[in-house]
Structures are given as C-alpha cells and as structure tokens.
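Read the structure below first, then the notes.
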Amino acid sequence: MAATSADKIVINDEALDAQSRELRQMADSFGACTTIQAELDSTAFGVMNAFLVGPINALADKTGTLMSQAAQMTARMSEGTAAASKSFAKHEEEWAKRLSGYTLDAGL
C-alpha cells in the first residue's frame with residue numbers, strides 16, 4: 001500500500017508546545033531562586049567553625065547567580081521551542097502541499 005509523501009511528514013505540535021510550557025515553568029522556578037542570600041554571622045557555626053561562614057556566604061551568592069543564568073537559559077529555550085513549533089507548522093503545511101502529488105513505496 002502506497003502512502004503519499006504528505007502523509008509521511010509528522011510534527012507533533014502538542015509535544016513542542018508542552019516542552020515550551022515546561023521550560024517556561026522551569027525558568028519561573030529558577031527565577032524564584034535568584035534571590036538566594038546568606039549573610040551569616042561569624043559565630044553562626046560556633047567559634048571553632050567560624051572559617052565556614054565566608055565560604056557558605058560565597059556559595060549562596062554563586063547559587064543565586066547560577067539560578068539567574070539557568071532562568072535565562074530555560075526562558076530562551078522555551079522561546080526557541082515555541083518559535084520552532086510555529087516554523088515547523090508553517091513548513092509542514094507548505095511541504096505537504098508541494099509533495100501531495102508524489103507517492104512513496106510502502107517498503108520505505
């Protein structure tokens with residue numbers, strides 16, 4: 001049984017839309033973590049462990065920066081996925097029209 005070439009073009013818009021939504025949700029979640037701060041007092045871990053305060057404050061600062069970068073990256077990925085979905089839909093329709101006159105062997 002032969003199928004037309006147009007029948008072989010499959011782009012799952014729902015999957016791309018879901019991926020774009022999930023990336024946007026991740027970006028929002030990461031964005032909520034960008035305000036991570038720690039300004040621990042030098043005695044926060046006791047006098048014998050005072051050396052821990054500086055590195056932990058620095059770690060919290062770096063974590064906030066990392067979350068900000070992750071939020072930006074996932075937001076861009078979401079936008080890119082949404083744009084790809086729109087572009088694929090446009091090209092799918094165009095190529096389905098162009099290929100509608102051709103048939104493919106069922107064995108391919």
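In this chain, residues are counted from 1 in sequence order.
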Check for a donor-acceptor pair, side chain of [X] on one end and backbone N or O of [Y] on the other, with a separation under 3.5 Å.
| X | Y | value |
| --- | --- | --- |
| Ser85 | Thr81 | no |
| Ser29 | Gln25 | yes |
| Thr34 | Phe30 | no |
| Ser87 | Ala83 | no |

Note to self: Working to the nearest 0.5 angstrom, can you tell me the gap between Met67 CE and Gln69 CD?
What the structure shows: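 Between Met67 CE and Gln69 CD, I get 9.5 Å after rounding to 0.5 Å.
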Margin query: To the nearest 0.5 Å, what is the distance between CG on Leu59 and CG on Leu52?
Written below: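 Answer rounded to 0.5 Å: 11.5 Å.
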Note to self: Tell me the closest heavy-atom pair linking Gly31 and Ala71, and the distance in Å.
What the structure shows: N-CB, 3.6 Å
Flag yes if more than 12 heavy atoms outside [X] fall under 6.0 Å of its [atom1] atom; otherwise flag no.
| X | atom1 | result |
| --- | --- | --- |
| Arg76 | CZ | no |
| Glu93 | CD | no |
| Glu94 | CD | yes |

Item checked: SB check Arg21 Asp17 (cutoff 4.0 Å) -> no
Notebook entry, point to check: Knowing that exactly one of Met73, Arg24, Met26 qualifies, which makes a side chain to side chain contact (heavy atoms under 4.5 Å, CB included) with Ser78?
Noted result: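 One option only clears the test, and that one is Arg24.
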